There are 2 protein chains.
Amino acid sequence: MTDVEGTAGWAEAAVREHAAEAQKPSREEQVLERIDRARRRKARVKEEHITMAHGSGGKATQSLIEAIFLEAFRNPLLEPLEDGAVLGVGSRRLAFTTDSYVVSPLFFPGGDIGDLAVNGTVNDLSVCGSRPLYLSAGFILEEGFPVDDLRRVTASMARAAAEAGVRIVTGDTKVVQRGKADGCYVNTAGVGLIERPVSLSAAGARPGDAVIVSGPIGEHGVTIMLARGELDIEADLVSDTAPLNGLVSALLDACADVPADARPDARSAVDSDAPWDVPPDARQGAVRCLRDATRGGVATILNEIAHASGVAVVVEEDAIPVRPGVRGACELLGIDPLYVACEGRLVAVVDGSAADTALAALRGHPLGEGAALVGHVKDDPPGLVLLKTGFGGTRIVDLLVGDPLPRIC
Amino acid sequence: MTDVEGTAGWAEAAVREHAAEAQKPSREEQVLERIDRARRRKARVKEEHITMAHGSGGKATQSLIEAIFLEAFRNPLLEPLEDGAVLGVGSRRLAFTTDSYVVSPLFFPGGDIGDLAVNGTVNDLSVCGSRPLYLSAGFILEEGFPVDDLRRVTASMARAAAEAGVRIVTGDTKVVQRGKADGCYVNTAGVGLIERPVSLSAAGARPGDAVIVSGPIGEHGVTIMLARGELDIEADLVSDTAPLNGLVSALLDACADVPADARPDARSAVDSDAPWDVPPDARQGAVRCLRDATRGGVATILNEIAHASGVAVVVEEDAIPVRPGVRGACELLGIDPLYVACEGRLVAVVDGSAADTALAALRGHPLGEGAALVGHVKDDPPGLVLLKTGFGGTRIVDLLVGDPLPRIC
């Protein structure tokens, strides 16, 4: 049960800290060391063919990105592998990001592929600390796709763009033969302007930081699963798809004046090794890192932060907000809500001294009413996410293996 | 034969000017008027389902763009429907564009979906007058796609990016089930910086301007058709896929000092109604409009220019460079090379006084050795493209109906 080599996922990677097991510290240390060793290995894609797991957002996706895409395209702007790239244009900093959407079904309670595609890119721009401004829209349509459905999708995109205050300024349409797509795929890329002197990064977390989620998790993923009708579960759930730029603004505004660098363990406020032109006033403030928890859920985001920052992230299971409908569906499906996608929830890592300010700012916004402090950043064990369970145990929350929820975005 | 109502395409829209027919001017006028009326009608998508023609780049694509996408997303930056949007960021102008690539087969003589996706977006940025800088890459992979093929595609993208001097800075990967894609689709979006005081637009052509193509046309499209192996034709052809930023730079440099505004019919040099923040030094110079002739070929580009500028474009059939292999294949396929895609050819509309300078600049660049002056811009009939054939006749070259060459990019 504690053998996690190679295949750690879901609840497999369990390391119990029960008092009864306190006599076996070396076993636990061995496990941690083996995980650490496995992670430091150069990423490889062992499979000869693409599998659904390569699209899960989990381990296989990470290997694909590192071994194929990063290997081929390597440059300092791509290397941080954040949700968007930060570009210096003159004295301005821009964020630039892209996502393709292949969600099935195209229409689901609370949204559709259209608003998902707009909100997703708006959110990726927002968590870079930028004000989302301009979007592109690329459509791949399957021959035979109903034109009325396309009208619904574009109307939904237009509404979402208006709500987020962005404009769709350029686009493209391709058509493929029947059976060569699944109705409609949408790609959006986006450009945002970084107007604040912030530098947000998954590598920015420090011991003592607080970990916050902006509301109940897993609603989007479970809604999609139920919308497929493959399960005989009735739950009154809708996708949480929403544009997070307003919420992010509220958070960054509130935390702008928190003296984050007073901490004795603070790193240099300005990262002079930044791969882009950081204007002189850009600094790491009280907000270290923001992410929207999509594919792979909150667990994946926390792993990326732990890994990139070389810190431990310790979360309290009981503190994580999960609606009963989501919890029930997850239990029936045998999946952990921590791995289920949200499309309108923020994970924020903030200086410990700013935790209350951040929580209050999030809760003061309609999209952050259910915000909760779910954990803290610690020194040890670096690179790992630990979950303190309701029963007093601790288990490792590793990256996802396989893809139990394909095509949710 | 001269009845072109509704369905004008290929060679159907023929209006002969033979001396023998000179006694029927009213017939010709009627035809022109009916075409004009049809074009001014509000675009509608009559079909209930998407057809391959909606992806052709021709009439159906145009209707789809105007009736669905422009209708839903309408804003001043999208409205020009150029190859990219021009954005004002501070005192800088940026170009932003996107294209999805669904070419079949993925690998073909002279290139593959990877370099096509990089070059295509580099070219769209270039013809906006910008220096291409940053690209995003979004992959939609079909379950079962060979990982080695993905490696080939990404290696090809990396080489193309290096050649064009751009960096792939952000990306995304989605995987869909077997039978829900065709191996691999790639979306690239791009950001470029407009460093020159130019304002290029399909609406910028004026009577007296010269129309130039940068080399032999139709090679990409015919190569793809032959690579599918559906035809028993052997021709030693390779795709013309290439990054055009260097060629565009050479052209703009050479024409920068041509006094274009001395023409009596010159419009205002600075378009004060421009939908973006045009810095005060931006002006329409001797180069009016640049386009890369992809889907729909040179004929489609010229129609867009004629329509947007309210001018006639008159081209000489014998002046259009077409390699014998392309001409032969087109004859067997029953298609006109004017409608066949290039992926490394420029269509340039320049002030008549700059024609020689422009031709010399293009011919001095390895990618423009075969540049040719193919026609001129006239007042009348506005909105139409006329082809003077080798036999002394004239025919209307209309937008494409249907899609004789699906999925060539």
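Throughout, protein chains are lettered first and strands after them, A, B, ... in sequence-line order, and every chain is numbered starting at 1. None of the values given here were measured: they were computed from a predicted structure.
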Hey, is A:E82 close enough to A:R291 for a salt bridge, meaning N to O under 4.0 Å? yes
Note: vs chain A, highest number of non-hydrogen pairs under 4.5 angstrom among B:V45, B:V147, B:V191, B:L64 is B:V147
The interface call for B:D83 against chain A, heavy-atom contacts under 4.5 Å, is backbone
How about A:D99 and A:T121: does a side-chain donor come under 3.5 Å of a side-chain acceptor? no
Bottom line for A:L81: the part with an atom under 4.5 Å from chain B's heavy atoms is neither
Cut-off 4.5 Å, heavy atoms of chain B, and the answer for A:E142 is backbone
Report task. Mark yes or no: B:K174 above the aromatic ring of B:F139, with NZ or CZ under 6.0 Å from the six-membered ring centre and no more than 45 degrees from the axis. Result -> no
Bottom line for A:N75: the part with an atom under 4.5 Å from chain B's heavy atoms is side chain
Got a donor-acceptor contact below 3.5 angstrom from the A:S156 side chain to the A:D115 backbone?
-> yes
Honestly, the part of B:L193 sitting under 4.5 Å from a heavy atom of chain A is side chain
Whether A:S130 side chain and A:L125 backbone form a donor-acceptor pair below 3.5 Å: yes
State whether A:E195 and A:R92 are salt-bridged, where the test is any N-O pair (Lys NZ or Arg NE/NH1/NH2 against Asp/Glu carboxylate O) under 4.0 Å. no
Per-residue tally against chain B (heavy atom, under 4.5 Å) across A:G138, A:G55, A:A181, A:A85 peaks at A:A181
Whatever's closer than 4.5 Å to a heavy atom in chain B on A:D403 counts as neither
Checked B:D148, B:D182, B:V176, B:T51 vs chain A; the most non-hydrogen pairs under 4.5 Å come from B:V176
* Is it true that A:D149 and A:R151 have a side-chain N and a carboxylate O under 4.0 angstrom from each other? -> no
- prompt: Is there a side-chain contact between A:I408 and A:R228, using heavy atoms and a 4.5 Å cut-off?
  reply: yes
Interface check, chain A: of B:E71, B:E79, B:Q177, most non-hydrogen pairs under 4.5 Å belong to B:Q177
Turns out that what part of A:R178 lies under 4.5 Å from chain B's heavy atoms comes down to neither
When the 4.5 angstrom heavy-atom criterion is applied to A:I140 and chain B, the contacting part is side chain
Scored by heavy-atom pairs under 4.5 Å with chain A, the best of B:G171, B:S100, B:A67, B:A189 is B:S100
query = Would A:D172 and B:R295 pass as an ion pair if we require N to O under 4.0 Å?
reply = yes
In terms of heavy-atom pairs under 4.5 Å with chain A, the winner among B:L94, B:V175, B:T173, B:T61 is B:V175
TODO: Report yes or no: does B:S136 contribute a side-chain atom to a donor-acceptor pair with the main-chain N or O of A:T98 at less than 3.5 Å?
DONE: no
One option among A:G183, A:G144, A:A158 has the most heavy-atom pairs under 4.5 Å with chain B, and it is A:G144
So, the part of B:L70 with a heavy atom under 4.5 Å from chain A: the answer is neither
### Message
If only side-chain N and O atoms count, and only distance matters, is there a donor-acceptor pair under 3.5 Å linking A:H54 with A:E47?
### Response
yes
When the 4.5 angstrom heavy-atom criterion is applied to A:L133 and chain B, the contacting part is neither
Applying a strict 4.5 Å limit to non-hydrogen atoms, the region of B:Y185 in contact with chain A is side chain
